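In what follows, a single structure is set out as structure tokens and then discussed.
None of the values given here were measured: they were computed from a predicted structure. Only heavy atoms go into these numbers, but all of them, side chains included; no hydrogens, no water, no symmetry mates.
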Amino acid sequence: MNRQLSEDEIVDGLDAALNEGRIYAVYQPQINHSTGRMVGAEALMRWNDPENGLQMPVNFIPVLESYDLIYKADLCVFEDVCRFVKSCIDARLPIVPISCNLSRYDVLRRDYVENMEAIRKKYDVPVRYLRIEITESSAIGGLELVAGVLSDLHKYGYIVEIDDFGSGYSSLNILKDLDFDIIKLDMRFFGGELGGRGGTIISSIVQLARWLNTQIIAEAVETVELADYMESIGCYYIQGYLYSEPLLKETFLKKLAITDHEPMTPALNLIRTMDAGKFWEPDSLETLIFSNFVGAASIFTYKEGELEILRVNKKYIKELGMNMDEKAIIGTNPWDMLDEENKTIYENTIKRAIESGEEETCETTRTICSKSCGDAKIWVNTDLRVIGNAGDQYLIYAMIKNITSEKEMIMSMTDNEKVFRSAFDQINVYAWEYIFATREMHPCFRCMRDLKLPLVVENYPDPVFESGLFPMDYKDMYYDMLRKLERGEKELEAVIPLTVGRIPFHVRYKTEFDETGKPLKAYGSATLVVDEGRE
């Protein structure tokens, strides 16, 4: 049986233990549970007394803290880690980043980070192989001091982890005010509870970490069930006895040699031109643009068929209409607005955007439910683009346009056109429409039947002049009519001899404009002239 040293023996024997290598590091691997690959390890302090055996950290660390001596032991472990990493590099052995602990008492020593840096440089260890862990309790009551230490560590290039997250009373303040790169969530604080309130809290922390672009490691994981649960909510990195106890460096070297390695991936991969986090900063340029200078826009997440709206701007609310507010829109399940057919269209467009990495567009109908206005069906054109992803969850930027009035007008025109075509078939009238943007002419049924025109005449009117349907000596006049219409003339008419027989027809045009007043298309008709000056 090992005998635990007394308080006096710990204090009096510290220097000898440091000088003789009795205080050293052991290594507990950190594993990606979904791949089985090692992503890092944590260095933990051990004290092996030659006469009394292995000392429990819970016995000697509080004593060293109370006498303000813990910094000596922490620097000793840090140097042991640097020595180990350097030996691996020199021997061309595989290595992963090692996390070293920095206590609240170390934070209070202004020269501690500089002392660490001196040790790292002494062994010429690249900073990418070292990470620094600071416990959450270290930050309570000293946010400004810890912020300064984090700034120094980041200045030197260290990745910084917050350890034991959730154990303190100011967790949200810490995440808001301190720039940590990795969160370590100690599962012992939740008593192994997988469901209920504990599960909800854990899932929320994982999601919160993702959108802070902060990776998360679950530590003290001892069962496959808990590891599987963490993986299911998006936390893939595991530390605990499920995979390995803390190992002496010789044993850890063997594990390094037989275990595949991989780097920890960013929590949120963004396209290069976007910083999704800044959409939550009220004074950022991204928020200014999102709120004021772009069209109707929203940001939502998509994961395995589930959507969650995170943010909408005022133009988005206005575009949907129905007197809804931001709270009502964000609190609504987006799928509830779509029937099965339109849901399929929308989801397929999301999948295309994920696959292509480009903007994808779709047109869907939605049923909007408003407490003040009841239910209404609207037509919406949506442009979707993926701006980031965290594993299989995607952050998507959407811009919408309510096209209900345009669709209703087109439907009305289509109905009218059916009536007109039926009437035109009984009289000597030909009708067509001309689209300015594409120079396409869409003829009526009689035009296609009698004049042998195709369903669409492209590059109109060149083909009808080339075929002889329109006489060439009227080409300049006809082009001048189209140019006037395109410049904004509402109506034009002229008598033109048409067909090979040069039969006179009264040609009329009427222009349709879009909501900005720009000519969109012209509706043409040709009525047979019965005699001179009379139809």
Side-chain angles (χ1 to χ4, degrees), residues 32 34-35 37 39 159 181-182 206-216 231-237 262-281 284-313 315-316 319-320 329-330 333-335 337-338 340-366 379-403 437:
N32 183 336
S34 63
T35 65
R37 294 172 179 162
V39 296
I159 296 295
D181 305 295
I182 296 174
V206 172
Q207 294 301 316
L208 178 65
R210 282 184 168 188
W211 302 120
L212 289 173
N213 201 17
T214 304
Q215 196 50 267
I216 193 163
E231 181 184 7
S232 73
I233 61 174
C235 176
Y236 306 101
Y237 302 124
E262 66 178 55
M264 292 183 70
T265 59
L268 179 63
N269 298 305
L270 295 171
I271 63 174
R272 287 172 300 198
T273 56
M274 300 292 294
D275 184 347
K278 289 186 178 178
F279 279 108
W280 278 262
E281 296 178 12
S284 71
L285 180 61
E286 285 82 354
T287 293
L288 177 67
I289 293 173
F290 179 76
S291 299
N292 300 290
F293 297 115
V294 300
S298 68
I299 301 171
F300 65 88
T301 62
Y302 172 82
K303 179 182 179 182
E304 297 177 351
E306 297 298 321
L307 298 184
E308 181 180 1
I309 298 176
L310 301 179
R311 189 169 185 182
V312 297
N313 63 9
K315 292 180 181 178
Y316 185 97
E319 196 73 12
L320 288 183
I329 293 172
I330 292 179
N333 183 346
W335 290 138
M337 301 181 186
L338 303 170
E340 285 302 317
E341 179 182 356
N342 285 278
K343 178 181 176 181
T344 299
I345 294 171
Y346 198 82
E347 188 165 19
N348 286 341
T349 307
I350 292 174
K351 291 177 179 178
R352 289 202 311 272
I354 292 171
E355 184 176 349
S356 70
E358 302 293 336
E359 185 174 276
E360 300 288 345
T361 302
C362 67
E363 184 179 299
T364 56
T365 59
R366 304 184 187 187
W379 283 261
V380 178
N381 183 277
T382 308
D383 296 320
L384 299 169
R385 179 158 188 171
V386 176
I387 60 173
N389 74 288
D392 56 357
Q393 186 175 48
Y394 295 88
L395 187 67
I396 297 176
Y397 187 88
M399 292 190 67
I400 69 165
K401 180 176 174 61
N402 189 330
I403 57 172

Checklist entry - When rounded to the nearest 0.5 angstrom, what distance separates OH in Tyr316 from CD1 in Ile299? => result 11.5 Å
Checklist entry - So how far is it from Arg366 CZ to Ile400 CD1, rounded to the nearest 0.5 Å? => result 5.5 Å
Checklist entry - Where the side chain of Glu360 meets the backbone of Leu384, is there a donor-acceptor pair that is under 3.5 Å apart? => result no
Checklist outcome for this item: dist Tyr236:OH -> Gln215:CD (nearest 0.5 Å) comes out at 9.5 Å
Item to check | Reported CD1-to-CD1 distance for the pair Ile354 and Ile396, which is rounded to 0.5 angstrom | outcome: 5.0 Å
Checklist entry - Is Asn381 reaching over with its side chain to a backbone N or O of Lys401, donor-acceptor style, under 3.5 angstrom? => result no
Item to check | Residue pair Val39 / Glu262, side-chain heavy-atom distance below 4.5 Å | outcome: yes
Item to check | Met264 vs Ile182, side chain to side chain contact (heavy atoms under 4.5 Å, CB included): CA-CA, chis, key distance, verdict | outcome: CA-CA 10 Å; Met264 292 183 70; Ile182 296 174; 4.0 Å; yes
Checklist entry - Just by modelled atom types, is the Met399 backbone N or O under 3.5 Å from a matching donor or acceptor in the Asp383 side chain? => result no
Checklist entry - Given side chains that start at C-beta, do those of Thr364 and Thr349 come closer than 4.5 Å, heavy atoms only? => result no
Next on the checklist: Parallel, tilted or perpendicular: which one describes the rings of Trp335 and Tyr346, with boundaries at 30° and 60°?
Outcome noted: perpendicular
Checklist entry - Can you check side chain to side chain contact (heavy atoms under 4.5 Å, CB included) on Glu347 and Leu338, steps first, answer last? => result CA-CA 11 Å; Glu347 188 165 19; Leu338 303 170; over 6 Å; no
Checklist entry - Short question: side chain of Asn342, backbone of Thr365 - any donor-acceptor pair under 3.5 Å? => result yes
